[in-house]
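Beneath this line is the structure, given in structure tokens, with notes to follow.
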Amino acid sequence: MSSSDDDTPLVKDRANGAKSEDRIPKNVDRALDKQLPSNGHVEPGVSIRMGPVEDMDVDTPQTNGNANGKRKARTSLTNGKSYKEASSSEDDDKPLSKRRRTSQKQAKEDSDTDLSDVPLRVRKPPKATAAQIGESSDSDTPLNAKLVKQKEIIEKAAEKEAKSIRNKEKTAAKRKPKVISESEDDDVPLARKRKQPAKRASNGVQKPDSDSDVPLAKKKPQPKKGKAKAEPAVPAKKGKGKAKAEQTEQDKEAEDEEESYKWWEDPTKGDGTKKWTTLEHNGVVFPPEYEPLPKNVKLIYDGVPVTLHKDAEEIATFYGGMLNSTHNIENPTFNKNFFEDFTAVLDKTGNGKDKSGNTVKIKKFDKCDFKPIFEHFEADRAKKKALPAAEKKALKAQKDEAEAPYMFCMWDGRKQKVGNFRVEPPGLFRGRGEHPKTGRLKKRVTPEQIIINIGKEATVPEAPTGHRWKEIKHDQEGTWLAMWQENINGAYKYVMLAANSDIKGQSDYKKFEKARELKKHIDRIRKDYQRELKSEKMVDRQRATAIYLIDQFALRAGNEKGEDEADTVGCCSLKFQHITLKPPNYVIFDFLGKDSIRFYDEVQVDSQVFKNLKIFKKAPKTEGDDIFDRLTTSALNKHLTSYMPGLTAKVFRTYNASWTMARLLKDMKAVGTVAEKVKAYNDANREVAILCNHKRTVAAGHAGSVEKMQDKIDGLRYQVWRTKLMMIDVDPRMKKKKGAEFFERPEDLDDDWVKQHQDALVEEQRQKITKKFEKENEKLKADGEKEMKPKELDERLEVAEELAQKFKKENKTGKVEAEGKGPTVDKIEGNIDKLNQRIETMKVQLEDKEGNKEVALGTSKINYIDPRLTVVFSKKFDVPIERFFSKTLREKFDWAIKSVDEDWDF
DNA sequence: CGGATTGATTCGGGTCTACACGA
DNA sequence: CTCGTGTAGACCCGAATCAATCC
């Protein structure tokens, strides 16, 4: 850069190395100005959406000016690779790029150091550092600190909880009502519990129970203590078996009653933090206990079948069941993590034994052979599949009945569906992308880890026999019914209501209302960030640039991530290497975003943004350094909130997605068939999905099915050509009339192709005839009659032979005899039209398929596009809503379907 | 006090399976 | 009509966002 001496950074090192100056020297901009087309003044109200400054458009969103249409060179579809490819090509720099901030203390010390002395790539000590060691008495080595942390997560939880309650009490006055915990409440007698199936009880503490095999569902609901208004959460269904028909009818009735309540018209709903007044539910369903393998199925170690303790064996089955998933088992990290956790359990439970009872020490992963386990499962699966339909049905009915009590809860007296009442079963953690913890053992969750949230008056569901819940809460600000902490990352898992519940509908509604609210502020926000792109304060300039990117390209906020998570980024966490600048004003994004989905896009940006990014990437910054080193997501959101309460980065995604959809649907003309309208809608949907970078991996059979379709289209085109020639056969004058060109065979259908195609047609005919013949014979045989002779088949096959001859003759003479009875030119014209029609629709289908092969439409439909837009479209264009929303989606968006009319506008 | 952690909620693609669809 | 087969959508559970709290 020309002005290198002026650029000498006063960089304060923030652990990461380079940090940009507080103030941006004037000459930096000037220097850059020389290299860039100057950016004229931006008029108030100007949308800076996309495109070079020169052709900036002045439309505001409401009118029609979204410049998504102006998005240049969007290449994600053609250039995008899945993370698998993407990450493998980045493998080399991966370990190095993992640099993070040091602890506060260290950062402070560093800040006084002159930059030139600070190596940019400071390797950090393992994460469990300063804070943790200081907090957990020094006796632990840093290495152990991690483990200690995990343990503490569990062990300290109670203490923390108590603390947090204390804290809440302190601050409660203004925000949170007190949360009452009954965790100390010890009055649940362990021995005298309601009986549970024997299987429920785990790990020894179990009391044999005479009654234990009575299915849970048959039991009477327990008497309610403080029952007043609400029905028992789930009234015991009358008899099983045919109960289904009855049940659905009953449900329908219930729904009809509920129908009258429209929360979206209820002014008391929506605001306020108290989510419920009364809450009743039956808790959670645990996964079935582990069932040991049959004696003859064993892990083979170093050629020797070994008997394992059942706990260890269970883990072996997790791996064994995955042998068909090369994705996992060929991943070294996965195998290493798995084996570490596997051997840890082996150490605890004792190692395996061979058949004479000698200990077999399992110490090398490579010597483990899980195949017998895998094959056992495969066989099992096959057996299950082969089960008679009736039995399958019965099995399913049994399961449904057992789970029925958990499917619904009573929320403020209304019956609501529960989303995920099943506790997640143990297994091997996969994680997405290159997750450092992939392959780790996800442990079985015990009742002792589960916190139940339920109304004070409600009967608390009983823990399985011999167990008790970790805690009972009555937190009316929470929308969850149960919760536990998972052992891999310490993440919280919640049992919440289904998407079609009132509470979820309400928050969905609020989300879209918030996005609509943004409409009123977006002009001001855009104007402001446009101005601040030139701010002298680095903080402001970075923030403005970030908002620009979030607004234009629908980037996510990009929170900081930890050492032991997959290395993915969003806007604020973009690194040096994720952005490539291509003068005059192109930017190439290439990074792994949420779920390690690759974001690849080549775009034009405002020239000031281009300049800024150049500054943000300036030396000494290099690979691995933050582009927005002065910006955090919380600072960003804090700023956004000042424009509008509740405005955060993610709102822009909702806003831009819904707004784009609104624009596209509005511009649409209500013509054509229903199918065409649906197609048009899906096209709009797809545009939104592309905006949001919602991708999917190309289906395995995609290439094949595309080829098939193409073949079919070619076949039809060939048929069109043949049919045209028939015209000449009927009326030779047509040749002159239509012109020679009309009768030419499409170039790509060359002689070779025609031969092959003809052969295929003939063969197809043969097959058809043969099959029919065989089938008829079967039938004759079954009826006890005489079978037809092979000679009969030969005779029938004559038809195919004639066809072959016909083709041969056609090839030779270049003429085609007219087919069908009483062929006329008019009839033939009609046939051609029909064929062309079919070709057209198939072409459209093919394009659709190709366009959708790596775009997932579902996510944007479910989460980003205001459902009311779809409802309006459906009404205006008279397309049944069923064409857009599946049954579940219709339930989820019930509020939208019922609340808007044709002229509702986003 | 600003960064780290906690906790709750939304978002997200993969997998599995029932079911529609075409030969 | 039925028989595979391909696919939409339910289900699963991991990964983000973001406010509140902690330290």
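Letters A, B, ... mirror the listed sequences (proteins, then strands); counts begin at 1. Predicted model, so just to flag it, every value in this text is computed and none were measured.
Considering only side-chain N and O atoms, Thr648(A) lies under 4.0 angstrom from the phosphate OP1 or OP2 of dC18(C). Remark: Asn559(A) is in phosphate contact with dT17(C), judged by side-chain N or O atoms under 4.0 Å from OP1 or OP2. Distances shown here put a side-chain N or O of Lys442(A) below 4.0 Å from the OP1 or OP2 atom of dG14(C). Under 4.0 angstrom from either OP1 or OP2 of dT10(B) there lies at least one side-chain N or O belonging to Lys504(A). In this model, the phosphate group of dC12(C) is approached by a side-chain N or O of Arg422(A) to a distance below 4.0 Å at OP1 or OP2. The side chain of Lys511(A) places an N or O atom within less than 4.0 Å of a non-bridging phosphate oxygen (OP1 or OP2) of dC11(B). In this structure, Thr859(A) reaches the dG13(B) phosphate: one of its side-chain N or O atoms is under 4.0 Å from OP1 or OP2. Considering only side-chain N and O atoms, Thr632(A) lies nowhere under 4.0 angstrom from the phosphate OP1 or OP2 of dG2(B). Under 4.0 angstrom from either OP1 or OP2 of dT7(C) there lies at least one side-chain N or O belonging to Lys849(A). Contact annotation: His327(A) side-chain N/O to dT15(B) OP1/OP2 distance is not under 4.0 Å. The phosphate of dC18(C) has OP1 or OP2 within less than 4.0 Å of a side-chain N or O from Asn637(A). Contact between the side-chain N/O atoms of His435(A) and the OP1/OP2 oxygens of dG14(C) is not found at any separation under 4.0 Å. For Lys650(A), no side-chain nitrogen or oxygen approaches OP1 or OP2 of dA16(C) to under 4.0 Å. Between Tyr864(A) and dG12(B) there is a side-chain polar atom (N or O) within less than 4.0 angstrom of OP1 or OP2.
In this structure, the NZ atom of Lys514(A) is 11 Å from the C1' atom of dT9(B), given to the nearest Å. In this structure, Lys861(A) atom NZ and dA10(C) atom P are separated by 11 Å, rounded to whole Å. The nearest whole Å value for the distance from the CG atom in Leu640(A) to the C1' atom in dC18(C) is 12 Å. Across the protein-nucleic acid pair, Leu428(A) atom CG and dG14(C) atom C1' stand 15 Å apart, rounded to whole Å. Atom P of nucleotide dC13(C) and atom CZ of Phe421(A) are separated by 12 Å, given to the nearest angstrom. dC11(B) atom P lies 17 Å from atom CG of Leu555(A), rounded to whole Å. The distance from atom CG of Asn852(A) to atom P of dG13(B) is 14 Å, rounded to the nearest whole Å. Atom pair His702(A):NE2 and dG14(B):P shows a separation of 15 Å (rounding to whole Å applied).
In this structure, Arg696(A) contributes its side chain and Lys853(A) its backbone to a donor-acceptor pair below 3.5 Å. A side-chain donor-acceptor contact under 3.5 Å links Asn453(A) to the backbone of Trp480(A). In this structure, Lys575(A) contributes its side chain and Ser573(A) its backbone to a donor-acceptor pair below 3.5 Å.
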Please tabulate, one pair per line, each protein N/O and nucleotide N/O from nucleotides 20-23 of chain B that are separated by under 3.5 Å, including the distance.
{"from": "dA23(B)", "atom 1": "OP1", "to": "Lys712(A)", "atom 2": "NZ", "distance (Å)": "2.8"}

Could I get a table of every N or O pair under 3.5 Å where one atom is in the protein and the other is in nucleotides 2-5 of chain C?
none

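For Arg432(A) and dG14(C), a side-chain-to-base donor-acceptor distance below 3.5 Å is present, hydrogens and geometry of angles not being considered.
In the set dT10(B), dC11(B), dA10(C), the nucleotide with an atom closest to the side chain of Lys594(A) is dC11(B). The listed nucleotides are dT10(B), dG14(B), dA16(C); the one nearest the side chain of Ser507(A) is dT10(B). In this structure, of dG12(B), dT9(B), dG14(C), it is dT9(B) that holds the atom nearest to the side chain of Tyr494(A). Here the side chain of Lys561(A) is nearest to one of dA8(B), dA16(C), dC11(B), namely dA16(C). Considering only the side chain of His694(A), dG13(B) comes nearest among dA8(B), dG14(C), dG13(B).
Looking at heavy-atom distances under 4.0 Å, Thr479(A) makes contact with sugar-phosphate atoms alone, never a base. At the heavy-atom level, Gly570(A) lies nowhere under 4.0 Å from the strands shown. Among the heavy atoms of the strands, none lies under 4.0 Å from Ser634(A). In this structure, Met483(A) reaches the sugar-phosphate backbone alone: every heavy-atom distance under 4.0 Å involves primed, P, OP1 or OP2 atoms, never a base. Residue Lys396(A) is out of contact with every strand shown, counting any heavy-atom pair closer than 4.0 Å. Residue contacts for Ala649(A): at a heavy-atom cut-off of 4.0 Å it reaches the sugar-phosphate backbone alone, with no base atom in range.
Atoms CD1 and OG, from Ile865(A) and Ser860(A) in turn, are 4.0 Å apart once rounded to the nearest 0.5 Å. Atoms CD1 and CG, on Ile454(A) and Leu279(A) in that order, are 6.0 Å from each other to the nearest 0.5 Å.
Taking the six-membered ring for Trp and thresholds of 30 and 60 degrees, Trp895(A) and Tyr509(A) have ring planes more than 60 degrees apart, a perpendicular arrangement.
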*For Leu428(A) and Met322(A), what are the C-alpha separation, side-chain angles and deciding distance, and is it a side-chain contact (heavy atoms from CB on, under 4.5 Å)?*
CA-CA 10 Å; Leu428(A) 301 181; Met322(A) 269 181 189; 4.0 Å; yes
*Apply the test side-chain contact (heavy atoms from CB on, under 4.5 Å) to residues Gln416(A) and Asp502(A): give CA-CA distance (whole Å), side-chain angles for both, the deciding distance (0.1 Å), then the verdict.*
CA-CA 8 Å; Gln416(A) 302 278 305; Asp502(A) 290 356; 3.4 Å; yes
*I would like to know whether Phe599(A) and Leu555(A) meet side-chain contact (heavy atoms from CB on, under 4.5 Å); could you show each step before the answer?*
CA-CA 9 Å; Phe599(A) 186 104; Leu555(A) 298 192; 3.7 Å; yes
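Lys708(A) has no carboxylate O lying under 4.0 Å from a charged side-chain N of Asp711(A), or vice versa, which leaves the two without a salt bridge. The residues Glu763(A) and Arg766(A) are annotated as salt-bridged, a charged nitrogen and a carboxylate oxygen being separated by less than 4.0 angstrom.
Map Val569(A) and Pro425(A) each onto its nearest nucleotide of DNA chain C; the residue landing nearer the 5' end is Pro425(A). Of the two residues contacting DNA chain C, namely Leu889(A) and Glu424(A), the nearest-nucleotide position lying further toward the 5' end is that of Leu889(A).
In this structure, Phe334(A) has its ring center no closer than 6.0 Å to that of His435(A).
Between Asn685(A) and the options Leu857(A), Asn852(A), Ile690(A), Val855(A), a side chain to side chain contact (heavy atoms under 4.5 Å, CB included) holds for only Leu857(A).
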